[in-house]
Novice: 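Pasting a structure here, questions to come.
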Number of protein chains: 2
Amino acid sequence: MTGEADEALLDIGEVARRSGLAPSALRFYERKGLIEPAARNGLRRAYRPETLDRLAMIGCARDAGFTLAEIGAFLGARPSDTTVRERMAAKEREVDARVRQLTRLRDSLRHAAVCDHDPLVECPDFKRAIRNVSVPDDAPMATS
Amino acid sequence: MTGEADEALLDIGEVARRSGLAPSALRFYERKGLIEPAARNGLRRAYRPETLDRLAMIGCARDAGFTLAEIGAFLGARPSDTTVRERMAAKEREVDARVRQLTRLRDSLRHAAVCDHDPLVECPDFKRAIRNVSVPDDAPMATS
DNA sequence: ATGCGACTTGAACCGCGGTTCAAGTCAAGC
DNA sequence: GCTTGACTTGAACCGCGGTTCAAGTCGCAT
């Protein structure tokens, strides 16, 4: 047998401490289907240590702007699952577009930091720059 | 006199149509102090055409992840206003960091699209990649 | 004068991602 | 046996960025 397997399981407080998440967040994630305790000691949740890895990934994805629902879909993904793979690919394109958008925004902000217009938002350079922020890269320019 | 100045003013419906925002959103922005009608015809708001420019900028900033409160602060910014300028500069660094984070995420997703692991999230390459997504660029690597 | 359509208001509601709270359940220690 | 402390539950609440709704107010046309 695996012997004292339950010795290896973690209390919710322990998982919270190690993951940096609040226990309430862990229970919330459970309701959303993102994590699941391996067992219960009475009422108490008992988590496998791997849950910490999973939580780290969830945290990354969340930081990166995925919704919890999206993350849930990705977590169950298997290589045969073409719809999820397609969604990942779509998300990649989406992220890539956002990277370019944010890059333009950063450049606008960079200009704003050295610009002398009063008020700042009236600076024609800034306006031109900021107007390009939301242009989807290869869309026709708004010339109005 | 400027003559029929009010002829040039826009109805909320017109602004909504031209800006792509719902009238409810425009009133919401007004409550938040982001926009303001130039006048009222009776109860009806009458906007200056410049409001459309302002809304375009607001839209860009919102798309870019600024909160409406941040945008409100920026909109009033004058060149002498050092605290707002500093916040813009801070935001620039923040956006820059996010660009790098999203770039790493995009690369992870790119790998996921061609990876054969089952489940996908167990792929060691993917895990290594995704773990780096949230590392602040020059922070010590998590080696646990 | 009657109705239509576009506006006005405040208040309620929504999804998201959680936190907070009250009340209850345990196991351990004194 | 009684307290203490960490957990359990469901329900309520939060900020954000709005939308929806009911009830009222206009100007204009018929």
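Residue numbers begin at 1 in each chain, while the letters A, B, ... track the order of the sequences.
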Novice: Quick one: B/Asn41 CG to D/dT25 C1', roughly how many Å, whole number?
Specialist: 14 Å
Novice: Holding to salt bridge (charged side-chain N to carboxylate O under 4.0 Å, His left out), I want the full list of residues that pass it with B/Arg110, two or more places apart in sequence or in another chain.
Specialist: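 By the salt bridge (charged side-chain N to carboxylate O under 4.0 Å, His left out) rule, B/Arg110 matches A/Glu92.
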Novice: Please list, chain by chain and in numerical order, all residues satisfying side-chain contact (heavy atoms from CB on, under 4.5 Å) with A/Arg98, sequence neighbours excluded.
Specialist: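 With neighbours one apart ignored, the set is A/Gln101, A/Leu102, B/Leu102.
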Novice: Heavy atoms under 4.0 Å is the rule here; annotate nucleotides 12-29 of chain C 5' to 3' with B where the base is hit, S where only the sugar-phosphate is, and - elsewhere.
Specialist: -----BBBB---------
Novice: List the residues meeting salt bridge (charged side-chain N to carboxylate O under 4.0 Å, His left out) with B/Arg106, not counting sequence neighbours, and say none if there are none.
Specialist: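 Salt bridge (charged side-chain N to carboxylate O under 4.0 Å, His left out) check on B/Arg106 returns A/Asp96.
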Novice: Applying salt bridge (charged side-chain N to carboxylate O under 4.0 Å, His left out), name anything that partners A/Glu94, two or more places apart in sequence or on another chain.
Specialist: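 A/Glu94 satisfies salt bridge (charged side-chain N to carboxylate O under 4.0 Å, His left out) with A/Lys91 only.
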Novice: In whole angstrom, give the distance that lies between atom CG of A/Leu10 and atom P of D/dA6.
Specialist: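 That distance rounds to 17 Å.
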Novice: Suppose we screen for side-chain contact (heavy atoms from CB on, under 4.5 Å). Which residues come up paired with A/Phe28, at least two apart in sequence or across chains?
Specialist: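 A/Phe28: side-chain contact (heavy atoms from CB on, under 4.5 Å) contacts with A/Arg31, A/Lys32, A/Leu68.
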Novice: Specify the separation, in whole Å, of atom CG of B/Asp11 and atom P of D/dG27.
Specialist: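 In whole Å, D/dG27 P lies 13 Å from B/Asp11 CG.
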Novice: Between D/dC26 atom P and B/Ile12 atom CD1, what is the distance in whole Å?
Specialist: 17 Å
Novice: Partners of A/Asp11 by salt bridge (charged side-chain N to carboxylate O under 4.0 Å, His left out), sequence neighbours excluded?
Specialist: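 For A/Asp11 there are no salt bridge (charged side-chain N to carboxylate O under 4.0 Å, His left out) partners, ignoring immediate neighbours.
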Novice: Does B/Arg54 pair with B/Glu50 as a salt bridge, N-O distance under 4.0 Å?
Specialist: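 Here B/Arg54 does not pair with B/Glu50 in a salt bridge, since their nearest N and O are not under 4.0 Å apart.
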Novice: What's the angle between the local helix axes at either end of the helix from C/dA1-D/dT30 to C/dC30-D/dG1, using five pairs per end and rounding to 10 degrees?
Specialist: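 Inter-axis angle at the termini of the helix from C/dA1-D/dT30 to C/dC30-D/dG1: 40°.
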Novice: Starting at atom CD of A/Glu30, determine the distance to atom C1' of D/dT8, rounded to an integer number of angstrom.
Specialist: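 Answer to the nearest Å: 11 Å.
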Novice: Could you work out, with side-chain contact (heavy atoms from CB on, under 4.5 Å) as the rule, every residue matching B/Arg27, not counting sequence neighbours?
Specialist: B/Ile12, B/Pro23, B/Arg45
